[in-house]
**Q** 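Let me give you the structure first, and then I'll get to my questions.
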Amino acid sequence: MTKIDKVLYTGKTHTIGGRDGFARSDDNQLDVKLSPPGSAHAGTNPEQLFAAGWSACFIGAMGLAAGKRKVKLPADLAVDAEVDLGTREGAYFLQARLTISMPGIEPELARTLVEEAHQTCPYSKATRGNINVELKLA
């Protein structure tokens, strides 16, 4: 397990009611109603929040990889993240797919940037070896 030497930021939330509750950040920038996946209830779910956080972080990691190579990423760079909640033998698990779109970037360079981002993105590191993750270029 990797121990952090210097904390850069700590995200803090207070959640009540689990998947049928509410979550709010300590700075009130996040204030969401939660609902179970696939339900008709109003609100988002933890899998959507995880997908949003991971895709945003992944774009940042691609920016770092591109910067090392002095490559300008396209303004319409996008990551579509899908996080599945499922079961196997009665236990709950996650799996994920990240589809990355980098219009105007040659495929070989795009693959290199995606692979490097996957090595440096903290979300990718946290999931590596723990869940099935597929990376795909759009």
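Because the structure is predicted, anything quoted here is derived from the model rather than measured.
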**Q** What donor-acceptor contacts under 3.5 angstrom involve side-chain atoms of residues 129-138, with partners at least two apart or in another chain?
**A**
unit_1 : atom_1 : unit_2 : atom_2 : d
Asn130 : ND2    : Ala126 : O      : 2.8

**Q** So, applying side chain to side chain contact (heavy atoms under 4.5 Å, CB included) with Gln29, which one of Asp31, Asp26, Asp27 is it?
**A**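 Going through the options one by one, the only one that passes is Asp27.
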
**Q** I want to check something: taking the side chain as every heavy atom from C-beta on, are Phe93 and Thr87 in contact at a cut-off of under 4.5 Å?
**A**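 The answer is no; the side chains never approach within 4.5 Å.
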
**Q** Taking all non-hydrogen atoms of both residues into account, name the closest pair between Asn45 and Pro37 and its distance.
**A**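 Smallest interatomic distance, heavy atoms only, reads ND2-CA, 3.7 Å.
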
**Q** Does a side chain donor of either Gln48 or Thr44 reach within less than 3.5 Å of an acceptor in the other side chain?
**A**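 Yes, side-chain donor-acceptor contact under 3.5 Å.
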
**Q** List the atom of Ala61, the atom of Thr120, and the distance in Å for their closest heavy-atom pair.
**A**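 Distance-wise, the nearest heavy atoms are CB-OG1, 3.6 Å.
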
**Q** Does Met62 reach the side chain of Leu77, with side-chain heavy atoms less than 4.5 Å apart?
**A**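 SC-SC contact between Met62 and Leu77 confirmed.
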
**Q** To check you understand the geometry: which heavy-atom pair defines the closest contact between Ala51 and Val83, and what is its length?
**A**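 Closest approach of Ala51 to Val83, heavy atoms only: CB-CG2, 3.8 Å.
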
**Q** Looking at CD1 of Ile105 and CZ of Arg111, how far apart are the two atoms once the value is rounded to the nearest 0.5 Å?
**A**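 Nearest 0.5 Å value for the CD1-CZ distance: 13.0 Å.
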
**Q** Any heavy-atom pair between the side chains of Leu98 and Asp80 that's under 4.5 Å?
**A**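 No, every pair of side-chain atoms sits at 4.5 Å or beyond.
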
**Q** Sorted by first residue and then second, give each salt bridge (charged side-chain N to carboxylate O under 4.0 Å, His left out) pair with at least one member in residues 115-130; sequence neighbours left out.
**A**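 Applying salt bridge (charged side-chain N to carboxylate O under 4.0 Å, His left out) to every pair that reaches into residues 115-130, excluding sequence neighbours, yields Lys68-Glu116, Arg69-Glu116.
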
**Q** Under the 3.5 angstrom rule, does the side chain of Ser35 hit a backbone N or O of Gly43 as a donor-acceptor pair?
**A**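 Answer holds: yes.
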
**Q** Search all heavy atoms of Ala52 against all heavy atoms of Ser55 and return the closest pair with its distance.
**A**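 Taking every non-hydrogen atom into account, O-OG, 3.1 Å.
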
**Q** For Thr15 versus Ala23, what's the shortest heavy-atom pair and its separation?
**A**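 Minimum heavy-atom separation between Thr15 and Ala23: OG1-CB, 3.5 Å.
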
**Q** Main chain of Glu108, side chain of Thr112: is a donor-acceptor contact present, judged purely on distance under 3.5 Å?
**A**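 Yes: the side chain of Thr112 pairs with the backbone of Glu108.
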
**Q** Are Arg97 and Gln95 close enough that some pair of their side-chain heavy atoms sits under 4.5 Å apart?
**A**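 A side-chain contact under 4.5 Å exists here.
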
**Q** Decide whether Val71 and Ile59 are clustered together by the hydrophobic rule: side chain heavy atoms of Ile, Leu, Val, Met, Phe, Trp, Tyr closer than 4.5 Å, transitively.
**A**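 In one cluster with Val71: Ile59, yes.
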
**Q** Between Asp20 and His41, is there a side-chain donor-acceptor contact under 3.5 Å, judged purely by atom types and distance?
**A**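 Per modelled atom types, His41 and Asp20 side chains form a pair under 3.5 Å.
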
**Q** Are Trp54 and Phe50 close enough that their ring centers fall under 6.0 Å?
**A**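 Close enough - the centres of the two rings lie under 6.0 Å apart.
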
**Q** I'd like to know whether His14 forms a side chain to side chain contact (heavy atoms under 4.5 Å, CB included) with Phe22, so could you lay out the CA-CA distance, the side-chain angles of the two residues, the decisive distance to 0.1 Å, and finally the verdict.
**A** CA-CA 8 Å; His14 181 75; Phe22 297 88; over 6 Å; no

**Q** Can you tell me how far the OG atom of Ser25 sits from the NZ atom of Lys12, to the nearest 0.5 Å?
**A**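 Output value for this atom pair is 11.0 Å.
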
**Q** What pairs meet the salt bridge (charged side-chain N to carboxylate O under 4.0 Å, His left out) rule with one or both residues in residues 32-48, with sequence neighbours excluded?
**A**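 Residue pairs passing salt bridge (charged side-chain N to carboxylate O under 4.0 Å, His left out), neighbours aside: Arg19-Glu47.
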
**Q** Are any of the side-chain heavy atoms of Thr99 and Val79 separated by less than 4.5 Å?
**A**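 The answer is no; the side chains never approach within 4.5 Å.
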
